[in-house]
Structures are given as structure tokens and as C-alpha cells.
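Structure first, then comments.
The chains referred to below are lettered A, B, ... by the order of the sequence lines, with proteins before strands, and numbering in each begins at 1.
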Number of protein chains: 2
Amino acid sequence: MQDVARRVGVSPMTVSRALRDGTSVNAQTREAILQAVDELGYVFDATAANLRNQRTGFVAVTIPSINNANFADTVRGLSEGFREHGLQSLLGYTDYDMAQEEVLVEQLLRRRPEAIIVTGGRHTPRCRRLLESAGIPVVETWDLPAEPVGHVVGFSNAAAAGMLVDHLVETGRKRIAFIGGEEGRDSRGADRRAGFVAAMRRHGLDATRLVAAGVPPVSMIEGASATRVLLEQWPDIDAILCVSDLVAFGALTECLRLGIVMPDQIAIAGFGNYEVAEVSVPPMTTVDPFPEAIGRGSAEAVLRALGLVERSDAHTAEIVPQLLVRASTVPVARSVVPAPA
Amino acid sequence: MQDVARRVGVSPMTVSRALRDGTSVNAQTREAILQAVDELGYVFDATAANLRNQRTGFVAVTIPSINNANFADTVRGLSEGFREHGLQSLLGYTDYDMAQEEVLVEQLLRRRPEAIIVTGGRHTPRCRRLLESAGIPVVETWDLPAEPVGHVVGFSNAAAAGMLVDHLVETGRKRIAFIGGEEGRDSRGADRRAGFVAAMRRHGLDATRLVAAGVPPVSMIEGASATRVLLEQWPDIDAILCVSDLVAFGALTECLRLGIVMPDQIAIAGFGNYEVAEVSVPPMTTVDPFPEAIGRGSAEAVLRALGLVERSDAHTAEIVPQLLVRASTVPVARSVVPAPA
DNA sequence: ATGAAAGCGCTAACAT
DNA sequence: ATGTTAGCGCTTTCAT
């Protein structure tokens, strides 16, 4: 900035002003400054500005995985909410691991974000302490924790899984299995499994047909091999509920390979309303958790907490998921019957 | 840091030392400092340290999209390469748009990354100038540009598409169509289409069966509807090459819905070796561009350029993609025949 | 092993 | 409309 100022013959302060608002700077001076910037190839140093302003302009965001359409949609919702307020997201990946989340949160906080948005409502004790004492707004998403750290934008994974069980039971299924991931990692997956078990018991059904298909995130291929195991162990099952649509698609392909007719012999349901659930043959019943709305809601919670939009006392925004019934659980003829006039 | 120092009765300098190496600080003093840090909930301010050190410890990375298994794998490879050297990736998304890439690159450079890794070898003129004059190592990936800015870790998208055409022609296909995205966005997709056209001409075949299915990234659903359009316009096609496996999977499902037998009536091939290509029924022929190797190679290029590992004069690392022949283009009986002893 | 001084590049606050 | 002063929270350098 010194160099630019010297070249134009003004003080660095004028350069600073010209580079920001541009108001209260002589139009010609400003022109000359912008030209000098271009000629010198000067690039503004946000590091120094951040230190001076005690504002970094970014919000830390932790998501379990970079390659997941659901979390990607949440991030898109976030980014859109932040854009016009000049906030950027600083993303970090936990790989579905609370220990990594703790490390990541600590690293992110050192970069002085103005708020932090985490996926899930369960953390290591130290991570929770870090969040509580961070002195910035905290938003937990994709969950509805009993004792949130700060703000919450999410839904009950257990209740959503229950919706799917209810649907399967209502359409006549009784011997329903659940394919999820190994325990101790993905707490949202664990909540879905717990919701499955609770709903099955509520209906007086056997809730012990549980398969752990691999380390979260469970893949399509793991979903397929788990289905084979499942069918060997419990050949009489009439429905499979999966922790995600990706696993469900793996199950669907395994049924295709084995010549099992869906939904007649076996119904399959997933979770997340991924694209594959819509386009697969047959299309799959699932639950849409509205990931982008979670993102938009989280951005709004942050903006409110920072006083950038009108404040509000609400600390929890529940985004109610929606059941999507498709041909993998209900015969097409039945699902396309128009409602009576 | 002042607060911690006061509490322990030392100077901030000692705190600074204790928080980093810990060497050349009395063990008891160090203990007391760490305890005070914990009690006060002090969090190190990386912003200030970055300014003073003129090192931020992060590398800027632009990828077209969060939510893409290929780029996610590249990022994983990068992160692994960086981890032990204490470098972090600062990710930005261009949404397959060169104008957005320009904005993003400028924003990222303000944060003073130590290197920048961009996806693709085509940029707006200003973006190219920004990269050239950034004064930090630049790596272009997922491409093999004729005039690279700096380092290159990638492959020829055109040549890879040619491999697929060659395979289809060798297995007897002649009336091959290509489904890609609308022009002017995804330059890697455009290169694949160009490679398709060039290879078809090389074989003396009609290279005009081209469909633009939507704005990149083209979805599975867009792949499915493009396939319907394709089959109406050119009912005689015997193969479809798609810009990605996701599009190819859409095409596959449309064929299933229409009762078209694969590969007998129509062969389908994709690009990227996404998981869906392996698990689909039938599994799909594709090309594996080894995304994680691109990430590892890019990390290595950065580390070498920064002098963190042994230097090298190589500026271009070609990661040669691999053709994966599966049942969507070749009858199973044929593909499983064991090699003669 | 520890401390004091100086400064990284920017900008709020107060002149003029 | 522009300039001067001071300082954000660290760490390198040079003492002691």
C-alpha cells in the first residue's frame, strides 16, 4: 500500500480509502490509485486488515464430508445467505469423527471466525467447551440436541427414521431390517438406527434385524454387500430401511442382481432424497431433510446473532423433514392413483 | 497472551515460546503457562501470527463443485500430502464458471496463501494475470494445458474421451452419440466432447450426434431426459458416451425404463469412475482419472516449489487415466472370459 | 531460560 | 478530501 501511495503521491491512508468505499476520495485520485494498483500488481492483504479490524469476515463451518450432496446443499444455502453480507465460509471436514471435529474446531477458532456452524449436536467434552467459550455465535445443524450449545437448525433423525418405519408398517411390512454404519462414528446415523428400533417396538415388531455395513459414510457397494449378508441371515425380510439413499441404492442393485422384485418381495427405503433415489429404477422412497433450508436457516441464525439482520429470541429452528413415497415401497399402480375428487 | 503472561508472572514472549516448540522454556514454567491457557480459555490468534510471520500456513484450492466425488478425492489426496507439513487447504468453489473463478482467485490471494491450486487450465485473462503475478507457486490440475501458468498435474480430457471412443468402435459400435453439458462453462467437459468428435472423425464415423443436456454439472436426471431426446432424434444409435458417470447413469436408467437392453442394443460409457458406475446394473464402462493421485501430485508439486521437500525441475506431471471396461458396453460372457493360460 | 524493542500491513480516530 | 498517530497480537532479533 506504501508503494501504491508513493507512486500516486498520496498517503497510504488515501489508498486504503480508495480501495474500500471510494467515497470521500477525489475521483481523479481514486482513478490514479486504481491504475497504480493494477500496474504494480498490488494485492490487498486481508491478513493485516483482519488483525487491525478484529474482523475476519468468515464463518467457520464443519461438515462430516466434502463429498455428500446433502451437506453440499447445506453449504450452498449457507453461502447464499452470507453472500450479500460479505461473509465467507471457511470449511473443514471431520470425516464423521468427533476426535477430528475437536481438532478441527480448535484450528478453525484460531483463525478468528465470526461464528461457527457445526454439523450435529454431539461433541467431545473438550470440543463442547471450546464451542461454549469461543465467544462467538455457535449453530448446531442436522440434529435437534437436548442441550444445545447455542443455536440449532435441524431435525430429529430418530423421528425421521420413525416416519419411514410408520410408512412401511402402514403399507403392510412387518419384517423390516435396518442397514447402517458401524457404531461410534456417525451420530446422525446412530440416531436414525435408534429411531428405527424405537418405532419398530412401538409397532410391536422385531427390531433386531440390524446390519452394520461399514465405517461411515457407508458406500453404495457396502450397502450392496450388506444386503447379501442380510438376505442370508434373514431370508424372510420384507423391507429394508437404510441409513442413506446411497446405501439404499446399493441394496436396490443387489436385489436386481438376485432377481428380487421390488416392491413386491422387498420394499426399500433410504434417507436424504439424493438424486439417485429419484432416478433409480424403481425410484426410491426416502425422506427429504431439506438440506439447503438448513443452510439458509443457519446463515440466518448467524446473521441475527451478529446483529446483521433483525435479532430474534428464537434459538431453535426445526426444519421438519418430508416423507417421499416412491415405487420402491409401494406398487406404481397404487402410488399413481389420483386422489378421489 | 498478555493475560496468560500476567497470570503466570512471565513475559508474553515466554508464553509464545511455550505455546510453540516448548523447548528453551523451563518445564515448570511451561506447565504453568499451559494451565493458565486452559483456565483462561485463551485461544491463539493465528491472524496475528500470520501477519508477523508473513506465513499463513494454507494453500488456496479452487474446485468447480463441492459435492463431486472426483474433486473430493483430489482434495483428500491434497490434504494428506499437506498434513505432515502443517499446511491446510483453503477451499473455494467456482461452480464451473470462469468468471466466478476470477473473483474467487482474487479473494483467495488476499488471504495470502502460500500456493494456489486451480482446477483446469483455462481462465479469464485477468484471472491468468492474477495467477501469474501472485508470486506463489501455481498448480493447474485436471487438464494438460498447452501454456500452463506454472505447474501442471493432470491429463488430457480429449485423449481420455478418445480412449472410450476407440473402445466402443473396437467392440463394433458405429452410431455413437455424446451427451454433455451446455457449452461455455465446463471446459473439461468441452475437451471431452472435442475428444469425442476428433476420435469419431479419426475412425471415419459421424460425429454429429451431440446433445447438450443442461448447465454443468449435468445431473443424472438431465442425463435421463437427454437420452429420451437422443433416442427420438436418432433412433438408430448403438452407443452413448457421456461426459460423466452421473449422466451415464441417467442414460442407463432411461434405457431400463424404455426396455432397451444393454449392451446388446445400446452401449453406455461414462467418465470418472464414480461409485455408481461400479454398482449399477449393469456396471458401466468408464475412465478412471485417478483423482486422488492428482491431489497427491499437486501437493507434492507445491511442497517441492516451496522447498519443503527435495526440489525438482519437472513442471508437469501427467496422470494417465485408465479405461475400465464393464458390462454396459461388452456382454458379460465376453468380459469375464479368463485370459488364456 | 527469559525479556525488551520493534514491526508485520492495515485502518479507526482525530486532525487539518 | 487528505494526512498523522497509534496499535491490532503476535514473533524475530538481540540482549541479559
Side-chain angles (χ1 to χ4, degrees), chain A residues 1-37 40-58 86 88 106-114 134-136, chain B residues 1-37 40-58 86 88 106-114 134-136:
Chain A
M1 212 175 243
Q2 282 269 19
D3 298 345
V4 175
R6 235 191 313 265
R7 180 161 185 134
V8 180
V10 293
S11 78
M13 200 53 238
T14 304
V15 177
S16 171
R17 283 194 263 254
L19 256 37
R20 283 172 301 159
D21 33 30
T23 57
S24 80
V25 173
N26 184 294
Q28 291 170 36
T29 314
R30 205 179 105 88
E31 275 304 293
I33 287 171
L34 293 180
Q35 195 185 325
V37 163
L40 293 173
Y42 164 80
V43 177
F44 182 87
D45 189 333
T47 304
N50 290 343
L51 179 60
R52 165 68 234 216
N53 293 332
Q54 296 298 86
R55 290 197 67 230
T56 54
F58 63 61
Q88 282 185 283
E106 187 167 24
Q107 280 181 347
L108 289 171
L109 290 179
R110 289 172 158 227
R111 303 232 183 240
R112 291 292 184 267
E114 313 203 355
I136 54 176
Chain B
M1 212 174 241
Q2 282 268 20
D3 298 345
V4 175
R6 235 190 313 267
R7 180 159 184 135
V8 180
V10 294
S11 78
M13 201 51 241
T14 304
V15 177
S16 172
R17 281 194 264 254
L19 257 38
R20 285 171 301 159
D21 34 28
T23 57
S24 81
V25 173
N26 183 292
Q28 291 172 33
T29 313
R30 205 177 107 88
E31 275 302 294
I33 288 171
L34 294 181
Q35 196 187 324
V37 163
L40 294 173
Y42 164 80
V43 177
F44 182 88
D45 188 332
T47 305
N50 290 343
L51 179 61
R52 164 69 234 217
N53 293 333
Q54 297 297 86
R55 290 196 67 230
T56 55
F58 64 59
Q88 283 185 284
E106 187 167 23
Q107 280 181 346
L108 289 172
L109 290 179
R110 289 170 158 229
R111 303 235 184 234
R112 291 292 184 269
E114 315 206 352
I136 53 175

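Residue B:Arg111 contributes atom CZ, which lies 15 Å from atom C1' of C:dG9 at whole-angstrom precision. Counting to the nearest Å, the P atom of C:dA12 and the CZ atom of A:Arg55 are 11 Å from each other. Between B:Arg110 atom CZ and C:dC8 atom P the separation is 21 Å, expressed in whole Å. Summarising the geometry, the separation between CD on A:Gln54 and P on C:dC10 is reported as 16 Å, rounded to the nearest angstrom. Spacing between atom CG of A:Leu51 and atom P of C:dG9 amounts to 12 Å, rounded to whole angstrom units. The CE-P distance, from A:Met13 to D:dA1, rounds to 14 Å in whole Å. With rounding to whole Å, B:Leu19 atom CG is found 15 Å from D:dG9 atom P. For B:Arg6 and C:dG3, the CZ to P distance is 14 Å, given to the nearest whole Å.
The shortest side-chain heavy-atom distance between A:Val8 and A:Gln35 does not fall under the 4.5 Å cut-off.
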Evaluate the criterion side chain to side chain contact (heavy atoms under 4.5 Å, CB included) for residue pair A:Val43 and B:Arg110; output intermediate values, then yes/no.
CA-CA 6 Å; A:Val43 177; B:Arg110 289 170 158 229; 4.1 Å; yes
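Under 4.0 angstrom from either OP1 or OP2 of D:dT13 there lies no side-chain N or O belonging to B:Arg52. An OP1 or OP2 oxygen of C:dG3 is reached within less than 4.0 angstrom by a side-chain nitrogen or oxygen of B:Thr14. Contact between the side-chain N/O atoms of B:Asn53 and the OP1/OP2 oxygens of D:dT12 is found at a separation under 4.0 Å. For the OP1/OP2 pair of C:dC10 and a distance below 4.0 Å, the side-chain nitrogens and oxygens of A:Tyr42 include at least one atom meeting the criterion. For D:dT2, neither phosphate oxygen OP1 nor OP2 lies less than 4.0 angstrom from any side-chain nitrogen or oxygen of A:Ser11.
The residue among A:Ser16 and B:Ala27 whose nearest nucleotide of DNA chain C is located toward the 5' end is B:Ala27.
The residue B:Arg17 sits close to a base: some heavy atom pair falls under 4.0 Å. In this structure, B:Thr29 reaches the sugar-phosphate backbone alone: every heavy-atom distance under 4.0 Å involves primed, P, OP1 or OP2 atoms, never a base.
Of the candidates D:dT12, C:dA1, C:dC10, C:dC10 carries the atom nearest the A:Ala49 side chain, counting heavy atoms from C-beta on.
Few gaps surround CD on A:Gln54; more than 12 heavy atoms of other groups in view lie less than 6.0 Å from it. Open room surrounds CZ on B:Arg55; 12 or fewer heavy atoms of other groups in view lie less than 6.0 Å from it.
Atom CG of B:Asn53 and atom CZ of B:Arg112 lie 14.5 Å apart (nearest 0.5 Å).
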